[in-house]
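I have placed the structure first, in the form of structure tokens, so that the comments after it can refer back to it.
Throughout, residue positions are numbered sequentially from 1 according to the sequence presented.
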Amino acid sequence: GALGMTMPLISAMRVFATLLSLLLSLPVIAPAPSRPTPSPVAGVTPLHSYAEALHRASASRKNVLLLFSNPHCGPCRAVEGVLFMTESGAELISESYVPVHLVLNLGGTDKTPETREARSVATRFGVKNPPALLVVSRSGAKLGNIVGIRRPEILSGLRYYAKPVP
């Protein structure tokens, strides 16, 4: 009797142990964050205030790199990736710019919060939809747009506007 009961119990425990080890060996999949934020490379973290960026640009004698984007916009994420997640983009930015990232609401069903400052700065520079990448002098004058979402276009634009303008 007793020996007959232990054999199924031992094999059930082996099955359980095998399943448990299989489960534990699987990679942990965390839920995606609700608002993806660029992870800084080489210490480049964009500011979220245009006023603060102008202040810092004035103190450091650099131009402001102004990025308008939205977390639900694929092209925006592509631009953010080149700017903040590639070594070449991060290097150019940290050497020559004070980066600021302003989030715009896309309208319609988009529930993304946008600050008053983001909307007023977008209106001031004629930005209707993200992504938009502008270079502004430390005195607040628009120097130009960097057009495109691909790495070569963006890096070329960053190099073009790198020289500080008062």
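Not one N or O on the side chain of Glu52 forms a donor-acceptor pair closer than 3.5 Å with the backbone of Ser49. Side-chain N or O atoms of His48 include none that pairs as donor or acceptor with a backbone N or O of Leu102 at under 3.5 Å. Using modelled atom types, no side-chain atom of Ser58 and backbone atom of His55 make a donor-acceptor pair closer than 3.5 Å. The backbone N or O of Tyr50 lies less than 3.5 Å from a partner atom in the side chain of Glu117, making a donor-acceptor pair. With Tyr97 contributing its side chain and Ala162 its backbone, the two residues share a donor-acceptor pair below 3.5 Å. Distance alone, capped at 3.5 Å, places no donor-acceptor pair between the Asn145 side chain and the Leu133 backbone.
Of all heavy-atom pairs spanning Pro130 and Phe68, the tightest one is CB-O, 3.5 Å. Minimum interatomic distance between Val121 and Leu66 (heavy atoms only, all atoms of both residues): CG1-CD2, 3.8 Å. Pairing each heavy atom of Thr86 with each of Val82, the nearest pair is OG1-O, 2.6 Å. Contact record, Val64 with Ala53: CG2-O, 3.8 Å, taken as the closest heavy-atom pair. Nearest approach of Arg138 to Pro164, heavy atoms of both residues: NH1-CB, 4.0 Å. Between Ser69 and His101 the shortest heavy-atom distance is OG-NE2, 2.5 Å.
Residue-environment remark: CZ (Arg159) exceeds the threshold of 12 foreign heavy atoms within 6.0 Å.
Rounded to the nearest 0.5 angstrom, Ser120 OG and Phe125 CZ are separated by 10.0 Å. Within the model, atoms CG of Leu155 and CZ of Arg150 stand 11.0 Å from one another, a figure rounded to the nearest 0.5 Å. In this structure, Asn63 CG and Leu65 CG are separated by 9.0 Å, a value rounded to the nearest 0.5 Å. Rounding to the nearest 0.5 Å places OG of Ser96 at 10.5 Å from CD of Glu91.
The shortest side-chain heavy-atom distance between Lys142 and Leu134 falls under the 4.5 Å cut-off. Val103 has its side chain within reach of Thr112: a pair of non-hydrogen atoms, C-beta onward, lies under 4.5 Å apart. For the pair Glu153 and Val147, the minimum side-chain heavy-atom distance is 4.5 Å or more. Two residues are said to be in side-chain contact when any heavy atoms from C-beta on lie closer than 4.5 Å; Val98 and Leu47 meet this criterion. Taking the side chain as every heavy atom from C-beta outward, Ile93 and Phe84 approach each other to under 4.5 Å. Inter-residue side-chain proximity for Leu158 and Leu83 is flagged as met; some heavy-atom pair is nearer than 4.5 Å. Side-chain contact between Pro46 and Val100 is absent, with no heavy atoms from C-beta onward closer than 4.5 Å. Pro99 has its side chain out of reach of Leu67: every pair of non-hydrogen atoms, C-beta onward, lies at least 4.5 Å apart.
No salt bridge links Glu80 with Arg77; every basic N to acidic carboxylate O contact stays at or beyond 4.0 Å.
Both Tyr160 and Leu92 sit in one connected hydrophobic cluster of ILVMFWY residues. Membership requires side-chain heavy atoms under 4.5 Å apart, directly or through other members. Under the 4.5 Å side-chain heavy-atom criterion for grouping Ile, Leu, Val, Met, Phe, Trp and Tyr, Val79 is connected to Leu143 within one hydrophobic cluster.
Side-chain contact check for Asn105 and Asn70: no donor-acceptor pair (N or O, by modelled atom type) lies under 3.5 Å. With no hydrogens or angles considered, a side-chain donor-acceptor pair links Arg151 and Ser88 at under 3.5 Å.
Here Leu106 is tied to no hydrophobic group at all, with no ILVMFWY side chain closer than 4.5 Å.
Residues passing the side chain to side chain contact (heavy atoms under 4.5 Å, CB included) test with Asn129, sequence neighbours excluded: none.
For residues 46-154, every residue pair satisfying the disulfide (SG to SG under 2.5 Å) rule, not counting sequence neighbours, is listed here: Cys73-Cys76.
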